Amino acid sequence: METILSPHSFIPLFNPNKPISSKILLSSSLQPKSGNSLSFSKPICSSLTKHPLVSFKKTFSTPTSWLSHLHHGLAALAISLALSFSPIVCDSAHASEFDVLNDGPPKDSYLVDDAGVLNRVTKSDLKRLLSDLESRKNFHINFVTVRKLTSKADAFEYADQVLERWYPSVEEGNNKGIVVLVTSQKEGAITGGPSFVQAVGDTILDATVSENLPVLATDEKYNEAIYSSAKRLVAAIDGLPDPGGPSVKDNKRESNFKTKEETDEKRGQFSLVVGGLLVIAFVVPMAQYYAYVSRK
């Protein structure tokens, strides 16, 4: 049931001196119908039903906007996590192996430290040593470090592949040398053109590959392994005495396993102890039982 107030009922709000009559407080449904009351009923009724609708829309507009922002935030977070843990990203160890081949020889240095194991001092000393060699003897030696090999079986095959890719013709690679160090496998390889191999000699090449690179790499002394190999190759090209490499005996790690003699000695002592315990376990109870029976 809808109650419609008469327009005259608002008069006391603006004129407090005028007494309020009982007629004004009555609703229009209880008063006699007249033309004036009917003329004002429609606009007053429409104004009363319009305001609650406006306030209802304003009340629920804020939560809807808040939920929308929350949904967008959750969607962005899900996309970010999916990109972070996506398996599409290639393994750096696999990609770097082929990047070395595709990028070609270094332009401003003699080193491609793809494994990232060399410090700034070693890089500077290596550049100074090899640039001096190239200016005097016209031999160019490049050093390459990689973490892991997947395309080739060992470092020697990969070194040959680098030489063929960087210097396709015999003329380009005649006086070039390639030294490869694989940090995960603790091994290295040296290859080069005919003039480079003849200038260094097979003896120094084999000694550097078997001593400098693997022995020092096993102890993770990568800087010393690279620089000592470079000095040994340069000395061979210059015709100077061989500075030598690290001694395998000095770098040999002590074994935790016992020798055959030590094992046999320990085994004899253990057998003696076990035999004594067994004798005590059987003889002592029997002696006690014999003494107990003898008393009876």
Side-chain angles (χ1 to χ4, degrees), residues 86-120 122-131 133-134 137-200 202 204-206 208-210 212-214 216-218 220-234 237:
S86 176
I88 299 176
V89 181
C90 296
D91 188 6
S92 59
H94 295 178
S96 61
E97 177 186 352
F98 301 101
D99 289 341
V100 172
L101 297 173
N102 297 328
D103 293 343
K107 301 296 187 298
D108 301 330
S109 65
Y110 301 84
L111 172 67
V112 179
D113 185 22
D114 187 77
V117 294
L118 303 182
N119 55 37
R120 186 181 303 175
T122 301
K123 295 178 181 179
S124 177
D125 294 342
L126 188 66
K127 181 178 181 180
R128 181 169 55 253
L129 178 65
L130 297 180
S131 61
L133 174 68
E134 187 175 13
K137 299 292 185 177
N138 195 27
F139 284 102
H140 186 96
I141 306 176
N142 290 314
F143 283 76
V144 179
T145 65
V146 292
R147 293 185 180 91
K148 185 179 180 181
L149 294 179
T150 57
S151 62
K152 296 298 179 180
D154 55 19
F156 290 95
E157 293 186 11
Y158 183 70
D160 292 335
Q161 186 179 14
V162 172
L163 181 65
E164 294 174 0
R165 181 69 65 88
W166 287 3
Y167 309 105
S169 63
V170 179
E171 292 76 12
E172 292 178 342
N174 185 36
N175 60 341
K176 304 298 192 302
I178 302 294
V179 181
V180 174
L181 176 62
V182 185
T183 58
S184 63
Q185 301 173 358
K186 311 299 181 184
E187 66 175 3
I190 301 177
T191 188
S195 297
F196 171 78
V197 174
Q198 183 178 2
V200 176
D202 295 336
I204 300 300
L205 290 176
D206 295 338
T208 305
V209 171
S210 60
N212 296 75
L213 294 175
L216 295 174
T218 302
E220 297 185 354
K221 298 179 180 179
Y222 303 114
N223 293 276
E224 186 177 353
I226 292 296
Y227 192 65
S228 63
S229 300
K231 290 193 301 182
R232 201 166 186 179
L233 295 176
V234 171
I237 295 174

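As the structure is a prediction and not an experimental result, all values here were calculated from the model. Heavy-atom basis, side chains included; hydrogens, waters and symmetry copies ignored. Along the sequence shown, residues carry numbers from 1.
For Asn142 and Tyr167, the side-chain atoms include at least one donor-acceptor pair closer than 3.5 Å. Side chains of Ser195 and Asn175: a donor-acceptor N/O pair is absent below 3.5 angstrom, by distance only. A donor and an acceptor atom, one from each side chain of Thr122 and Asp125, are nowhere located under 3.5 Å apart.
In terms of heavy-atom proximity, Ser184 sits nearest to Lys148 at OG-CA, 3.6 Å. When all heavy atoms of Asp206 and Ser210 are compared, the pair lying nearest together is O-OG, 2.7 Å. For Ala230 against Leu126, the heavy-atom pair with the smallest separation is CB-CD1, 3.5 Å. Minimum interatomic distance between Thr191 and Ala159 (heavy atoms only, all atoms of both residues): CG2-O, 3.5 Å. Of all the heavy atoms in Pro194 and Asn174, the pair that sits closest is CD-OD1, 3.5 Å. The shortest non-hydrogen separation linking Val182 to Arg147 is CG1-O, 3.8 Å.
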Under the side chain to side chain contact (heavy atoms under 4.5 Å, CB included) criterion, do Tyr158 and Val162 qualify, and how do the steps go? CA-CA 6 Å; Tyr158 183 70; Val162 172; 3.7 Å; yes
Given the rule in the side chain to side chain contact (heavy atoms under 4.5 Å, CB included) test, do Val112 and Thr145 qualify, once you have shown the distances and angles that lead to the verdict? CA-CA 6 Å; Val112 179; Thr145 65; over 6 Å; no
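In this structure, OG on Ser229 lies 8.0 Å from CG on Leu181, to the nearest 0.5 angstrom. Between Asp114 atom CG and Asp99 atom CG the span is 7.0 Å, to the nearest 0.5 Å. Distance CG/Asn223 to NZ/Lys123: 9.5 Å, rounded to 0.5 Å. Distance check, rounded to the nearest 0.5 Å: CG of Leu118 to OG of Ser124 gives 12.5 Å. To the nearest 0.5 angstrom, Trp166 atom CH2 is 8.5 Å from Asp103 atom CG. To the nearest 0.5 Å, the span separating CG on Leu233 from CD1 on Ile141 amounts to 5.0 Å.
Annotation: side chain of Val179 is in contact with side chain of Leu213 (closest heavy-atom distance under 4.5 Å). Between Phe196 and Ile237, the closest side-chain pair of non-hydrogen atoms falls below 4.5 Å. Inter-residue side-chain proximity for Phe98 and Thr150 is flagged as met; some heavy-atom pair is nearer than 4.5 Å. Under the 4.5 Å side-chain criterion, counting only non-hydrogen atoms from C-beta, Asn102 is in contact with Arg165.
Side chain of Ser228 to main chain of Glu224: a donor-acceptor pair is present (N/O by atom type, distance under 3.5 Å, no hydrogens or angles). Between the side chain of Lys127 and the backbone N or O of Asp108 there is at least one donor-acceptor pair closer than 3.5 Å. Judged purely by atom type and a 3.5 angstrom limit, Asp202 has no side-chain atom pairing as donor or acceptor with the backbone of Leu205. Side-chain atoms of Asp113 come within 3.5 Å of backbone N or O of Val117 as a donor-acceptor pair.
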